[in-house]
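Read through the structure below, which is laid out as structure tokens, and then see the notes.
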Amino acid sequence: MADPEPRPRKFAAPRGTTDVLPDDAPWWSFVRSTAAQVAGRFGYRRIETPTFEHAGVYLRSVGAGTDIVEKEVYLFEDRGGDTLALRPEGTAGVMRAYIEHGMASLPQPVRLYYVAPNFRYDRPQAGRYRQHTQFGAECVGDPSPLADAEMIDLLCTFYRELGLRHLNLKLNSIGDANCRPAYVEALRDYYRQHLDGVCADDRMRFEQNPMRLLDCKEERCQPIVAGAPRLRAYLCDACREHFADVQAYLTALGIGFDLDDTLVRGLDYYTRTAFEVQPLQEGSQSALGGGGRYDGLIELLGGPPTPGTGFGTGMERIILNLKRAGLEPPPPRPLALYVAHLTPEAAPLALRLAGDARAAGLQAVVASAGRSLKAQLRHAGALDARFAAIIGASEVATGEVTLRDLRDHSERRLAAAAAGDAVASEVPS
RNA sequence: GUGGGCGUGGCCUAGCGGUUAAGGCGCCAGGUUGUGGCCCUGGAGAUCGAGGGUUCAAAUCCCUCCGUCCACCCCA
């Protein structure tokens with residue numbers, strides 16, 4: 001033999017991406033179907049937008065000065081020369097679709113939800129991936145605080161139905177175009193006096209995105225954050241009232257929350273309500289979900305002035321927390337029937353029998369050809385099958401099947417055509 | 001972008017300078033003629049992450065890179 005060719009290089013999944021293997025699939029179907037059910041019960045309808053958009057959709061809407069736009073967006077040029085971007089977050093694409101398809105002429109508000117992958121080029125870590133999946137919902141065309149409360153209610157209901165406990169809802173209002181400028185002014189004035197004692201990031205934020213000075217985590221900046229003017233004190237009457245109503249509705253719903261002055265969204269089109277949910281325990285990073293009101297966004301994307309509010313929540317982090325909480329996903333369907341066959345003549349019967357079982361809604365697997373009966377039954381055991389059908393020369397001759405109960409080891413012979421039903425009558429489907 | 005831990009067959013792990021890299025799980029096959037889960041036996045499967053260096057000799061020491069995990073940051 002000639003020298004074997006050098007083995008081709010083995011590939012690994014790109015950094016920050018994961019394979020969802022069969023063992024984890026039950027978690028995913030559980031979380032996905034719960035999302036669909038809960039959203040459906042709130043009257044939200046599913047929307048799917050492309051995984052990539054013209055880059056401007058995201059760059060304009062997510063906003064300059066944010067980490068996402070500065071360094072995390074996957075940008076690429078296609079062969080036709082268009083500049084495109086992989087979806088870094090869910091809302092912008094949905095709003096683009098709202099505008100493009102004239103949803104403003106549907107009965108308002110329009111309630112939409114999605115489950116879709118998002119892409120951000122940041123450094124992977126526990127619960128942080130370059131591709132992650134978000135369940136999100138948007139309520140477009142309703143300016144009232146009731147819509148904000150509904151979003152939070154939907155999100156909390158979702159978590160509750162999954163079985164997640166010990167969550168902390170943080171709530172804030174960041175004002176609107178009427179009142180925020182005065183606040184930002186005051187904040188700037190305050191920080192101007194403290195610029196020496198503040199971290200380098202903060203000095204940049206001071207210039208580019210003063211609101212985000214408030215959520216600086218740097219220890220030495222904390223006293224300065226603590227002494228900063230309170231945004232809530234600057235809210236105009238309309239915003240104050242809106243915020244009070246959101247809280248009243250949440251209270252009526254029995255949803256607990258903590259007010260948090262430092263919870264901010266830096267950009268102008270974010271208005272009023274902002275919220276975030278995190279696991280109660282390790283309060284550091286790893287928000288499970290968050291959202292808020294974005295009354296300026298649709299206009300920014302070229303649509304008519306339209307209010308909107310929504311949330312996004314990370315599926316991988318949810319599953320991580322479900323596992324940490326010691327919960328189990330609903331068990332997958334068991335294998336009802338394993339069909340063993342001993343001769344080439346038996347194979348067609350085996351295939352037909354498996355087909356009968358499947359038609360009855362059961363899970364059935366046919367053994368690979370050419371293995372000993374012992375090997376086939378061992379395989380059946382390894383797959384945790386409930387029944388094994390055995391088809392050898394003797395069964396072929398009589399058109400029968402030997403059906404073995406793998407729990408109590410009992411066996412009986414019956415007509416091949418009846419075997420599928422026999423299994424079905426004993427295995428819940 | 002910054003810092004730290006770790007990289008030995010599919011998985012977990014032993015070996016930490018010296019002949020053909022060891023074990024467990026898993027996989028495949030046998031333990032007589034058509035029968036599983038226990039037990040026994042055998043087999044396949046590793047250029048010890050990659051490249052360079054030190055040495056008579058390196059999986060074992062040094063350097064670089066890559067990957068991965070964890071934390072910071074940010075976010076979901």
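Below, chains carry the letters A, B, ... as their sequence lines are ordered, and counting in each starts from 1. Remember, it's a predicted structure, so these values are computed and weren't measured experimentally.
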From [atom1] of [X] over to [atom2] of [N], roughly how many Å is that when rounded to an integer?
X: Asp23(A); N: G26(B); atom1: CG; atom2: P; result: 15 Å
X: Glu276(A); N: A76(B); atom1: CD; atom2: C1'; result: 9 Å
X: Gln278(A); N: C74(B); atom1: CD; atom2: P; result: 13 Å
X: Leu167(A); N: A76(B); atom1: CG; atom2: P; result: 16 Å
X: Asp122(A); N: U2(B); atom1: CG; atom2: P; result: 14 Å
X: Leu86(A); N: A76(B); atom1: CG; atom2: C1'; result: 16 Å
X: Lys374(A); N: C40(B); atom1: NZ; atom2: C1'; result: 10 Å
X: Leu21(A); N: G26(B); atom1: CG; atom2: C1'; result: 15 Å

For Phe387(A), is the NZ or CZ atom of Arg404(A) found under 6.0 angstrom from the centre of its six-membered ring and inside 45 degrees of the ring axis?
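The answer is no; the distance or angle limit is not met.
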Tell me whether the guanidinium CZ or amine NZ of Arg45(A) lies under 6.0 angstrom from the six-membered ring centre of Tyr113(A) and within 45° of its axis.
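Judged by the rule, Arg45(A) and Tyr113(A) form no cation-pi pair.
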When you compare [N] with [M], how far apart are their [atom1] atoms, in angstrom units rounded to a whole number?
N: G18(B); M: A58(B); atom1: C1'; result: 9 Å
N: U32(B); M: A44(B); atom1: P; result: 23 Å
N: U55(B); M: A22(B); atom1: C1'; result: 25 Å
N: U35(B); M: A21(B); atom1: P; result: 40 Å
N: A50(B); M: U2(B); atom1: C1'; result: 25 Å
N: C16(B); M: C73(B); atom1: C1'; result: 37 Å
N: G30(B); M: U68(B); atom1: C1'; result: 40 Å
N: G15(B); M: U33(B); atom1: C1'; result: 46 Å

With Watson-Crick and G-U wobble geometry limited to distances under 3.5 Å, how should the secondary structure of RNA chain B be encoded in dot-bracket form, using | for bases paired to another strand and [ ] for crossing pairs?
((((((((.[[[[.)..(...]]]].(((((.......))))).....[[[[[..)....]]]]])))))))....
With a 4.0 Å cut-off on heavy atoms, is [X] in touch with a base, just the backbone sugar-phosphate, or nothing at all?
X: Ala375(A); value: sugar-phosphate
X: Glu411(A); value: base
X: Leu288(A); value: sugar-phosphate
X: Tyr129(A); value: base

Can [X] and [Y] be counted as having a side-chain donor-acceptor contact under 3.5 angstrom?
X: Thr49(A); Y: Arg87(A); value: yes
X: Thr306(A); Y: Glu299(A); value: no
X: Tyr114(A); Y: Gln134(A); value: no

[X] (side chain) and [N] (base): donor-acceptor pair under 3.5 Å:
X: Gln125(A); N: C74(B); result: no
X: Gln376(A); N: U35(B); result: no
X: Arg378(A); N: C27(B); result: no
X: Glu395(A); N: G34(B); result: yes

Residue met sooner reading RNA chain B from 5', once His379(A) and Gln131(A) are mapped to nucleotides:
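Result of the comparison: His379(A).
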Pairwise 5' ranking along RNA chain B for Arg371(A) and Gly290(A), keeping only the more 5' one:
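Final value for this comparison: Arg371(A).
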Selection residues 340-359 of chain A - residue pairs positive for ring pair (Phe, Tyr, Trp, His ring centres under 6.0 Å), sequence neighbours left out:
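Residue pairs with at least one partner in residues 340-359 of chain A: there are none.
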Which listed nucleotide ([options]) is nearest to the side chain of [X]?
X: Arg123(A); options: U35(B), A76(B), C69(B); value: C69(B)
X: Leu406(A); options: G36(B), C27(B), A71(B); value: G36(B)
X: Leu373(A); options: U35(B), C70(B), C74(B); value: U35(B)
X: Ser394(A); options: C73(B), G34(B), G36(B); value: G34(B)
X: His132(A); options: U35(B), A76(B), A71(B); value: A76(B)

Could you check if a side-chain atom of [X] sits within less than 4.5 angstrom of a side-chain atom of [Y], using non-hydrogen atoms only?
X: Arg407(A); Y: Arg386(A); answer: yes
X: Phe76(A); Y: Phe52(A); answer: yes
X: Tyr129(A); Y: Glu316(A); answer: yes

Could you list the residues that satisfy ring pair (Phe, Tyr, Trp, His ring centres under 6.0 Å) with Phe135(A), not counting sequence neighbours?
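With neighbours one apart ignored, the set is Phe158(A), Phe311(A).
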Under-4.0 Å side-chain N/O to phosphate OP1/OP2 contact, Arg128(A) with A76(B)
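Answer is no, no contact under 4.0 Å.
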